[in-house]
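These notes are about the structure you will find just below.
As the structure is a prediction and not an experimental result, all values here were calculated from the model. Whatever order the structure lists ligands and atoms in, that order sets their numbers, starting from 1.
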Amino acid sequence: MPDFDTYELDAHEEVYIKCDKKTGLQSIICVHNSSNGPALGGCRFISYDSSQNALVDALKLSRSMSFKAVLAGVPYGGGKAVILKPEQPFDRQLLFKSFGNFVNQLGGRYITTMDSGMVTKDLEIISNQTSYLTGLGIDGNPAPYTAEGVIRGIEAALNFKYGTSKMSGIHIAIQGVGNVGFFLGKKAYERGAKLTICDYDPLMVNKCLKEFTASVVSPNDIYSIECDVFAPCGLGGTINPETISKLKATIIAGSANNQLSDDTVSEIIKKRNILYAPDYVINAGGLIHVAGLYSNMLKSQIESKIAAIYGTLMEIFISSERLGKSTNAVADEIASSYFQNSEA
Ligand code: NAD
């Protein structure tokens with residue numbers, strides 16, 4: 001049984017669970033903190049080993065969303081939904097309709113959007129049941145914006161480590177080339193980076209090879225590639241003591257949420273002199289985009305907030321060096337101080 005306290009169950013404002021026997025929907029919505037605005041975050045639609053693991057995932061992700069929104073300067077709180085992908089055959093239309101009703105029942109306390117495992121059609125079905133959603137339409141996919149933010153983050157890390165943010169000739173190993181990893185590879189390639197990619201799904205790898213040149217390795221071999229930047233863009237949790245010991249990269253900077261297996265890992269990364277760009281800071285581009293769509297922000301405002309990820313990370317890197325703390329600890333302290341001040 002997971003220890004829910006570790007994931008700050010009591011720090012969450014609200015946790016909702018819906019089980020709809022008719023459609024097979026089993027879903028959890030977590031609202032971590034709404035002092036910055038209504039909770040906004042995507043809905044994951046993946047298989048979980050157990051409902052406990054689904055709850056832990058939702059708790060960790062919604063907490064990250066609160067921190068992400070604060071550091072990205074968007075007026076929203078942290079929330080996240082998960083739907084446990086049914087093991088039995090199911091009607092996708094009815095399942096997402098039921099989820100849309102669930103979101104609507106919360107009256108705007110939680111605003112949903114797409115996350116891993118969902119497709120645009122699912123969001124369209126949800127939109128027939130509730131207006132508390134964002135990311136719909138031709139420009140709705142947050143992945144290119146998340147990738148743009150990751151590019152800005154890699155540039156900041158390169159500048160901090162090597163005194164230049166130029167990506168030309170830099171070798172980046174991308175773990176997972178789904179929605180975000182694909183756009184990250186494309187953008188990095190356009191900037192002259194050398195790429196190594198991997199994915200469990202060969203279709204994703206082939207899609208990349210049609211757009212840009214990259215070496216391909218197996219998911220097991222990606223850690224030990226001789227490269228400058230390791231970019232985790234899969235499902236998270238892949239940075240642990242064992243994988244760190246294999247890394248040749250001097251920078252970890254990717255889109256995955258909850259990249260570190262636990263908080264102690266950030267100290268190991270620091271001891272190995274690897275520069276880690278905290279996940280919820282570097283991957284905020286998608287949130288900035290969907291929050292901007294929901295608030296009718298100008299395109300130029302969205303772009304400048306995404307570009308600002310560079311400066312935010314640079315400040316974290318500098319403070320981390322000055323204070324002798326891990327980058328993760330510094331980012332957490334900045335975000336936590338915001339919530340402490342708003343409670344005071
Ligand atoms: P996705 O499901 O489209 O793609 C993930 C890909 O990674 C899949 O193709 C999967 O097969 C592959 N994968 C997973 N684990 C892997 C591993 N260990 N080795 C190799 N391949 C692996 O998801 P996405 O939308 O691209 O998101 C990727 C990550 O970034 C997730 O952690 C997500 O929560 C996070 N994120 C995404 C966005 C966004 O805009 N989509 C925004 C912020 C954070």
Side-chain angles (χ1 to χ4, degrees), residues 40-47 57-58 60-65 67-69 71-72 74 78-83 85 112-120 122-123 134-135 139-153 173-187 196-208 214 216-225 230-240 242-243 246 252-261 277-293 302 306 309:
L40 195 161
C43 173
R44 266 195 181 175
F45 179 56
I46 59 174
S47 300
D57 204 27
K60 283 162 80 175
L61 289 164
S62 61
R63 176 184 182 272
S64 293
M65 290 306 290
F67 284 28
K68 190 184 302 198
L71 286 178
V74 293
K80 204 84 183 181
V82 301
I83 300 176
K85 197 169 187 176
T112 197
T113 189
M114 270 170 62
D115 200 283
S116 290
M118 266 179 72
V119 295
T120 314
D122 302 330
L123 201 61
T134 177
D139 193 27
N141 182 5
Y145 300 90
T146 304
E148 183 61 28
V150 175
I151 289 282
R152 302 298 299 164
I174 307 180
Q175 178 183 50
V177 281
N179 268 314
V180 181
F182 167 78
F183 286 107
L184 176 63
K186 196 165 180 286
K187 285 169 186 282
T196 298
I197 62 173
C198 77
D199 202 297
Y200 294 130
D201 185 345
L203 291 177
M204 296 297 154
V205 170
N206 289 338
K207 184 180 167 197
C208 290
V216 181
V217 294
S218 76
N220 280 341
D221 290 339
I222 195 78
Y223 301 102
S224 47
I225 295 299
F230 180 73
C233 298
L235 268 190
T238 60
I239 310 291
N240 57 48
E242 192 199 329
T243 56
K246 295 183 187 168
I252 300 174
S255 77
N257 279 311
N258 298 329
Q259 291 171 23
L260 310 185
S261 58
D279 44 18
Y280 61 77
V281 184
I282 193 171
N283 72 13
L287 169 67
I288 294 168
H289 175 66
V290 292
L293 290 180
I302 294 176
I306 294 175
I309 289 173

| In chain order, what residues pass the side-chain contact (heavy atoms from CB on, under 4.5 Å) check against Tyr145, with sequence neighbours excluded? | Asp139, His289, Ile306
| request: Measure from the side-chain N and O atoms of Asp279 to the backbone N and O of Asn258, and report whether any donor-acceptor pair falls under 3.5 Å. | output: yes
| task | Please answer whether the main-chain N or O of Leu203 pairs with a side-chain N or O of Asn206 as donor and acceptor at a distance below 3.5 Å. | result | no
| remark: Taken in chain and number order and not counting sequence neighbours, the residues that satisfy side-chain contact (heavy atoms from CB on, under 4.5 Å) with Asn141 are Ala143, Pro144, Asn179, Phe183
| field | side-chain contact (heavy atoms from CB on, under 4.5 Å) involving Thr134 - partner list, sequence neighbours excluded | value | Leu40, Ile111, Thr113, Val290, Leu293, Tyr294
| task | Could you point out which residue of Asn283, Ile151, Ile282 forms a side chain to side chain contact (heavy atoms under 4.5 Å, CB included) with Thr146? | result | Asn283
| Can you pull the residues with any heavy atom under 4.0 Å from ligand 1? | Arg44, Lys68, Asp115, Ser116, Pro142, Ala143, Thr146, Gln175, Gly176, Gly178, Asn179, Val180, Cys198, Asp199, Tyr200, Met204, Pro219, Cys233, Gly234, Leu235, Ser255, Ala256, Asn257, Asn283
